[in-house]
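Before any comments, here is the structure.
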Amino acid sequence: MKIKHVSFGLVLFILAIANMYPGALAQKNEIIRKHLDSIGSAEARSVIKDMTAVGSLRYNVLRSGGTGGDGKVVLASDQSRFLVGMSLGIPLYSGENIVFDGKKQRVNFVNSNVRSYLGDFLYRYPDVISRTLLGGSLSGAWLMYDPGFRNCKIEFDGTKKIDGAEVYAMSVLPKGGSDLEIQIFFDKETYRHVRTTYKRTIGALQGATVDTSSQRRGQRQIMTEDFGDFRSEQGLMLPHSYKIYVLYDGETETKEYEWVMKFNQFLLNQNFEPGIFEIK
């Protein structure tokens, strides 16, 4: 009887807390539902077993030297796995090979056991891949498709503005914690997913003296995904433009890079060859 009494009291407590914030929870659920509907109807989404997007790639070095270049990109995915392949004809940077097999992930070296700044960010902060955030709705394994959100808690953060347009903001909080502050943004009018940001701030290290400590500054590591040019592909409204931006703002220098992708071909339900997502 005592256990039943405690359990009933706990239920009342949970209900009381829920009643304090009914609007935020309901709004969060409504935004996610409308976001999924913005991609396609439940029926249209259910018949898609795998998806491949193919397009052009432009790699730009925005700050701190280096050589940019043009290439090609492919994103392939099913309902739990995905890969991103980038091909570039740049000396010392031939491209990217990023794979998630549903459990494990791999970010290849690009040259002599060195990863690119994008690859390094993904390797340092595996939640971007393991929580199936990378690629947004371009991936059939997109976090929002999973009812359990890949063991993440989703919190509604209200509205913000991106390039003058109002968006709904939500935080992604992986179970067990994360080194990253992760936010996803949905257009307020269409409910399309337009941006994801990943941020890590590291405080300034203490110097040997008060004077040297005051001269030191903290570090920022930021990755942003932007999605646009939404058009219909076989019943699904998908982004045809995709940009990844990476910033390393260190104690002595700042480095910025971007990968700008334009997709011109989408292949759905191709029945991938066995081993396409295999990690050896």
Side-chain angles (χ1 to χ4, degrees), residues 10 13-14 16-18 20-21 24-29 31-32 35-36 77 79-84 96 98-108 115-139 141-160 162 167-186 193-206 216-227 244-251 255 277 279:
L10 180 61
F13 174 76
I14 293 172
I17 293 297
M20 291 172 63
Y21 307 99
L25 178 60
Q27 189 165 21
K28 179 193 78 172
N29 292 337
I31 291 168
I32 293 173
H35 162 62
L36 294 176
S77 62
Q79 296 172 340
S80 62
R81 305 171 296 175
F82 67 85
L83 66 82
V84 180
E96 303 284 351
I98 301 158
V99 182
F100 179 62
D101 69 359
K103 295 182 179 179
K104 303 186 300 295
Q105 57 200 57
R106 182 189 68 211
V107 181
N108 277 13
R115 293 184 175 87
S116 70
Y117 285 97
L118 170 60
D120 183 68
F121 191 98
L122 297 173
Y123 182 78
R124 286 174 181 265
Y125 307 113
D127 284 325
V128 181
I129 295 176
S130 65
R131 308 296 178 170
T132 60
L133 287 154
L134 188 68
S137 59
L138 285 167
S139 168
W142 169 222
L143 173 72
M144 292 292 108
Y145 288 145
D146 182 7
F149 305 117
R150 295 274 177 180
N151 287 322
C152 293
K153 181 181 180 182
I154 309 296
E155 291 187 350
F156 178 57
D157 294 335
T159 59
K160 298 186 179 182
I162 294 179
V167 296
Y168 292 114
M170 293 188 186
S171 290
V172 178
L173 307 171
K175 184 178 180 181
S178 174
D179 290 328
L180 292 173
E181 176 188 333
I182 305 170
Q183 279 193 308
I184 49 180
F185 300 90
F186 304 95
H193 171 227
V194 294
R195 175 174 290 181
T196 304
T197 61
Y198 314 86
K199 299 179 181 180
R200 171 80 188 279
T201 302
I202 303 172
L205 297 175
Q206 186 175 355
R216 293 197 166 185
R217 66 187 184 115
Q219 302 176 47
R220 292 184 303 147
Q221 298 176 8
I222 296 173
M223 175 175 151
T224 301
E225 296 179 273
D226 284 306
F227 305 86
I244 299 177
Y245 164 84
V246 172
L247 166 72
Y248 281 85
D249 189 13
E251 189 173 11
K255 300 179 180 181
F277 302 106
I279 296 177

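- One N or O on the side chain of Asp157 and one on the backbone of Ser171 form a donor-acceptor pair closer than 3.5 Å.
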Exercise for review: Show the numbers, then the answer: is there a side-chain contact (heavy atoms from CB on, under 4.5 Å) between Asp127 and Tyr198?
Suggested key: CA-CA 10 Å; Asp127 284 325; Tyr198 314 86; over 6 Å; no
Exercise for review: Begin with the C-alpha distance, continue with both residues' side-chain angles, and end with the deciding distance and a verdict on side-chain contact (heavy atoms from CB on, under 4.5 Å) for Leu118 and Glu96.
Suggested key: CA-CA 9 Å; Leu118 170 60; Glu96 303 284 351; 4.1 Å; yes
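- We find the CG-NZ distance between Leu173 and Lys153 to be 6.5 Å, quoted to the nearest 0.5 Å.
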Exercise for review: Go through the steps to decide whether Tyr145 and Leu36 satisfy the test side-chain contact (heavy atoms from CB on, under 4.5 Å), and finish with yes or no.
Suggested key: CA-CA 8 Å; Tyr145 288 145; Leu36 294 176; 3.7 Å; yes
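- Of the possible donor and acceptor atoms, one in the side chain of Thr132 sits under 3.5 Å from a partner among the backbone N and O of Ala141.
- How far CG of Leu134 is from CG of Leu83: 10.5 Å, rounded to the nearest 0.5 Å.
- The closest side-chain heavy-atom distance from Thr197 to Ile182 is not below 4.5 Å.
- Taking 4.5 Å as the limit, some side-chain heavy atom of Trp142 sits within range of a side-chain heavy atom of Leu133.
- Under a cutoff of 6.0 Å and an axis angle of 45°, Arg115 and Tyr123 form a cation-pi pair.
- Within the model, atoms CD of Gln79 and OG of Ser139 stand 10.5 Å from one another, a figure rounded to the nearest 0.5 Å.
- With rounding to the nearest 0.5 Å, the separation of CD in Gln219 from OG1 in Thr201 is 10.0 Å.
- The closest side-chain heavy-atom distance from Met223 to Val128 is below 4.5 Å.
- Using a 4.5 Å cut-off on side-chain heavy atoms (C-beta onward), Glu225 and Tyr245 make no contact.
- The shortest distance between side-chain heavy atoms of Arg150 and Ser80 falls below 4.5 Å.
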Review point. Given the rule in the side-chain contact (heavy atoms from CB on, under 4.5 Å) test, do His35 and Met144 qualify, once you have shown the distances and angles that lead to the verdict?
Key: CA-CA 9 Å; His35 162 62; Met144 292 292 108; 3.8 Å; yes
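- Counting only distance, with no hydrogens or angles, the side chain of Gln105 and the backbone of Ile98 share no donor-acceptor pair below 3.5 Å.
- The distance from the CD atom of Gln27 to the CD1 atom of Ile31 is 4.5 Å, given to the nearest 0.5 Å.
- A 4.5 Å side-chain heavy-atom check between Lys160 and Gln183 finds at least one atom pair inside the cut-off.
- The aromatic rings of Phe100 and Phe82 sit tilted relative to each other, their planes meeting at an angle between 30° and 60°.
- Not a single donor-acceptor pair under 3.5 Å links the side chain of Arg106 to the backbone N or O of Val99.
- For the atom pair CG (Leu122) and CD1 (Ile244), the distance works out to 7.0 Å, reported to the nearest 0.5 Å.
- Remark: aromatic rings of Phe186 and Tyr168 are distant, center separation not under 6.0 Å.
- Using a 4.0 Å cut-off between a side-chain N of Lys or Arg and a carboxylate O of Asp or Glu, Arg195 and Asp226 qualify as a salt bridge.
- Looking at Leu138 and Phe227, their side chains come closer than 4.5 Å, going by heavy atoms from C-beta outward.
- Proximity of the aromatic rings of Phe121 and Tyr117 is defined here by a centroid distance below 6.0 angstrom, and this criterion is not met.
- When side chains are defined from C-beta on, Gln221 counts as touching Tyr125, because their heavy atoms get closer than 4.5 Å.
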